[in-house]
Engineer: 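The structure is given below, and queries will be raised subsequently.
As the structure is a computational prediction, the values presented were derived from the model and not from experiment. We count residues from 1, following the sequence as given.
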Amino acid sequence: MIPEIGYFALIAAWVVAVVQCLLPLWGSYRLQQQFWMQIARPAAVTQHLLVWIAFLALVWAFVEKDYSINYVVEQSNSALPVYYRIAAVWGGHEGSLLLWALVLSGWSAAVALFSRSLPPILVARIISIMGAVAVGFILFLLATSNPFTRSLPYFPVDGKDLNPLLQDVGLIFHPPILYMGYVGFSVAFAFAIAGLLGGRLDAAWARWMRPWTIAAWCFLSLGIALGSWWAYAELGWGGWWFWDPVENASFMPWLTGTALIHSLAATEKRGVFKAWTALLAIITFSLSLLGTFLVRSGVLTSVHAFASDPTRGLFILIFLCVVIGGSLTLFAFRANTLTTSARYKVFSRETLLLGNNILLAVAASIVLLGTLYPLLADVLGLGKISVGPPYFNALLVPLAHLLLILLGIGMVVRWKDQSAKAAWQTLRKPALFAVIVGLLLPLFAQGNYQIRAALALIFVFWVVGVCITDLLVKVRAAETLWQGIKRIKPSYWGMLCAHIGFVVTVVGITMASLYSLDKDIRLAPGESIDMASFAVTFQGVRDVRGPNYDAIQGEFDVYQSNHFITRLYPEKRTYWVRQDRLTEAAIDTGWTRDIYVALGEPLDKGAWAVRIYVKPFVRWMWGGAVLMALGGLLVIIDRRYRKNSFQESLDVRAA
């Protein structure tokens, strides 16, 4: 009965989404009909509550082991721990789409509840557009991907179990947080379309839109980092990014979303790049939809990809064409009306932000080409083509270096116009600092000096030096140090934190890529292997039993300079139901290195194949993402994004 309640709640949510889409939009074109516009807020909240009912009904079915539902049979098992049974709700196609709809309705409800200071006509249009997206996705659920389909009159007494690769804490946190970012860009998309419909894309519009965009970007940054950490910890061979097409599908909207945030800053501050900002908002959400198509259509074979029904792929492809085609058509008709009277010189912050945007857009295009070209080649009968790390690294690494250069210059260059000589006076000390430190640090890498590492570190310390210099300039302008610190707005601290987070991630990627050590070796009990300054001793194996698997657990002691550090317990698991064998690595984490041990296959005379890694600074990649998200949060809490009155939000700085 409860699954039926969930199903009917989903139908009711679709009806409410239709109302949310049509009536407020109609009212926005008949300004005397305020009643229709006022429907937007309660409709958005009601839709969210109804989708919550459907979602909780599916959670109940998993927790209570209701194997009369096909989806529960496919994704769960009685021996599965309850926390994995709950996470299994979004472990497959139907449930993950229901989570998508829940997050989308949640963002709509958030806009309805936290946009009291915005003009009613703008709110009505934004919520209507988000309702239109919800209409398509909920219809997709009901028509092709119903998670409540019963298997009566015959159903199994137990389920087929969740994919063992998904039986990890990463499943609990990664998909919801990633979807919060993915779907969150629907708010930016709705703002852009609403602005184009009303013909108003000014500084106030950018100010209202910016915190929503930053919030989505923060979630997406954390979601991508969690996915990278999950792959690193779970797959058993120490990789943290594989340029998998589905990974690329989340990386592309992150790149364009980063460009959008910087473009919004220029639009808010100076009223420039209006058309470009709107286009970036459309492209970013379109790339999020493209990622959904890649995962759900069955065109990919991946641990991320669930659907193989061509009907589903066709539905999403049509929906994709309608949303992207319709929004780009509207943009084409309205773009010529988005003019600005602001002027700026070649050497100015506006120009540098535009350069930043171009580099990020080019990077997203490179990833898009590398992702789709093999698929297109296969469809056109040109054969199987593999596009891997050499392609992406060769093209994206130089762009990252250029981006870091522009990032440093852009922080100190003024709006409208700046003397190159004056800028150089500020930048020369950070430049000298960066060159000296960047060239010297690789000397301490145990005799393995790499020019690529030195080059990357020069650009990293260039940004760090500029951040410190700019902060000191602002603090010294006050009478006392404390007054200078108090005068700095949260948005400035957020910018510094996000930029430092980015360079911390670059350090992690550089060091882990260039200085990682790995060995595949045969070890018998009592034997040791030396790696760098560490010694790893194999003590033997034993049998252990988990909640739904049997495992052979290895025991390894780790020493550094003859001092005991830790004992690691990697496992080779066999899951009872699916009989899948999975490697569970053991990792000793640290601020400057990870020691990673994975158990391979048994060999003769009690020996085992073992894979051991020493990965320097690998944690900095994910720590940098946390800093970037924290920086975004600091920007959002800035007072100017919490204005209480509509009139206060209209103040626009003189061009």
Engineer: Per the ring-ring contact (aromatic ring centres under 6.0 Å, His included) rule, what does the pair list look like for residues 257-281, sequence neighbours excluded?
Structural biologist: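 Passing the test, one end in residues 257-281: no pairs.
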Engineer: Determine the minimum heavy-atom distance between Val413 and Arg349, stating which atoms define it.
Structural biologist: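 Shortest heavy-atom contact: O-NE, 2.9 Å.
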Engineer: Can you name the nearest heavy-atom pair linking Pro119 to Trp208, along with the distance?
Structural biologist: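 Pro119 and Trp208 have their closest heavy atoms at CD-CH2, 3.6 Å.
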Engineer: Examine distances only and state if a side-chain atom of Thr351 and a backbone atom of Val346 form a donor-acceptor pair shorter than 3.5 Å.
Structural biologist: yes
Engineer: Hey, could you give me each pair passing salt bridge (Lys or Arg N to Asp or Glu O under 4.0 Å) that has a residue in residues 364-374? Not counting sequence neighbours.
Structural biologist: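 Sorted pair list comes back empty.
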Engineer: Under the rule for side-chain contact (heavy atoms from CB on, under 4.5 Å), what residues qualify as partners of Ala188, not counting sequence neighbours?
Structural biologist: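 So Ala188 forms a side-chain contact (heavy atoms from CB on, under 4.5 Å) with Met209, Thr213, Leu260, Ala281.
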Engineer: With under 30° as parallel and over 60° as perpendicular, where do the rings of Trp241 and Trp243 fit, or are they tilted in between?
Structural biologist: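 The rings of Trp241 and Trp243 stand perpendicular, inter-plane angle above 60°.
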Engineer: Specify the closest pair of heavy atoms between Trp240 and Ala512, including all atoms of both residues, with the distance to one decimal.
Structural biologist: NE1-CB, 4.2 Å
Engineer: Can you list everything that forms a side chain to side chain donor-acceptor pair (under 3.5 Å) with Ser228? Sequence neighbours excluded, please.
Structural biologist: Trp622
Engineer: Donor-acceptor pair, Trp462 side chain versus Leu404 backbone, under 3.5 Å?
Structural biologist: yes
Engineer: Sequence neighbours excluded, which residues qualify as side chain to side chain donor-acceptor pair (under 3.5 Å) partners of Thr277?
Structural biologist: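 Expected list: Ser263, Thr267.
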Engineer: Can you sort out the partners of Leu514 under side-chain contact (heavy atoms from CB on, under 4.5 Å), two or more places apart, ordered by chain and number?
Structural biologist: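 In terms of side-chain contact (heavy atoms from CB on, under 4.5 Å), with neighbours along the sequence ignored, Leu514 is linked to Gln450, Arg452, Ala453, Thr510.
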Engineer: Enumerate the side chain to side chain donor-acceptor pair (under 3.5 Å) contacts for residues 184-197, please, sequence neighbours excluded, ordered by first and then second residue.
Structural biologist: none
Engineer: Over 60° means perpendicular and under 30° means parallel, so classify the ring planes of Phe617 and Trp620, tilted if in between.
Structural biologist: perpendicular
Engineer: Please assess Leu403 against Asn356 for the test side-chain contact (heavy atoms from CB on, under 4.5 Å), listing each intermediate value before the final yes or no.
Structural biologist: CA-CA 6 Å; Leu403 189 64; Asn356 158 293; 3.8 Å; yes
Engineer: Which ring-ring contact (aromatic ring centres under 6.0 Å, His included) pairs, counting each pair once, include a residue from residues 328-376, with sequence neighbours left out?
Structural biologist: none
Engineer: If you measure from the Lys or Arg side-chain nitrogens to the Asp or Glu carboxylate oxygens, is any gap between Lys274 and Asp202 under 4.0 Å?
Structural biologist: no
Engineer: Can I get a per-line list of side-chain donor-acceptor pairs under 3.5 Å for residues 423-430, giving both atom names and the distance, sequence neighbours left out?
Structural biologist:
{"from": "Gln425", "atom 1": "OE1", "to": "Arg428", "atom 2": "NH2", "distance (Å)": "3.2"}

Engineer: Quick one: list whatever passes side-chain contact (heavy atoms from CB on, under 4.5 Å) with Val435, sequence neighbours left out.
Structural biologist: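 By the side-chain contact (heavy atoms from CB on, under 4.5 Å) rule, Val435 matches Leu439, Ile458.
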Engineer: Tell me, please, which residues at least two apart from Phe219 pass side-chain contact (heavy atoms from CB on, under 4.5 Å).
Structural biologist: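 Checked Phe219 against side-chain contact (heavy atoms from CB on, under 4.5 Å); matches are Trp107, Ile177, Met180.
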Engineer: Is there a donor-acceptor contact under 3.5 Å from the side chain of Arg619 to the main chain of Gly590?
Structural biologist: no
Engineer: Would you list the pairs meeting ring-ring contact (aromatic ring centres under 6.0 Å, His included) in which at least one residue belongs to residues 399-421, sequence neighbours left out?
Structural biologist: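 Passing the test, one end in residues 399-421: His401-Phe459.
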Engineer: Looking at Ser250 and Leu178, what are the two nearest heavy atoms and their distance?
Structural biologist: CB-CD1, 4.1 Å
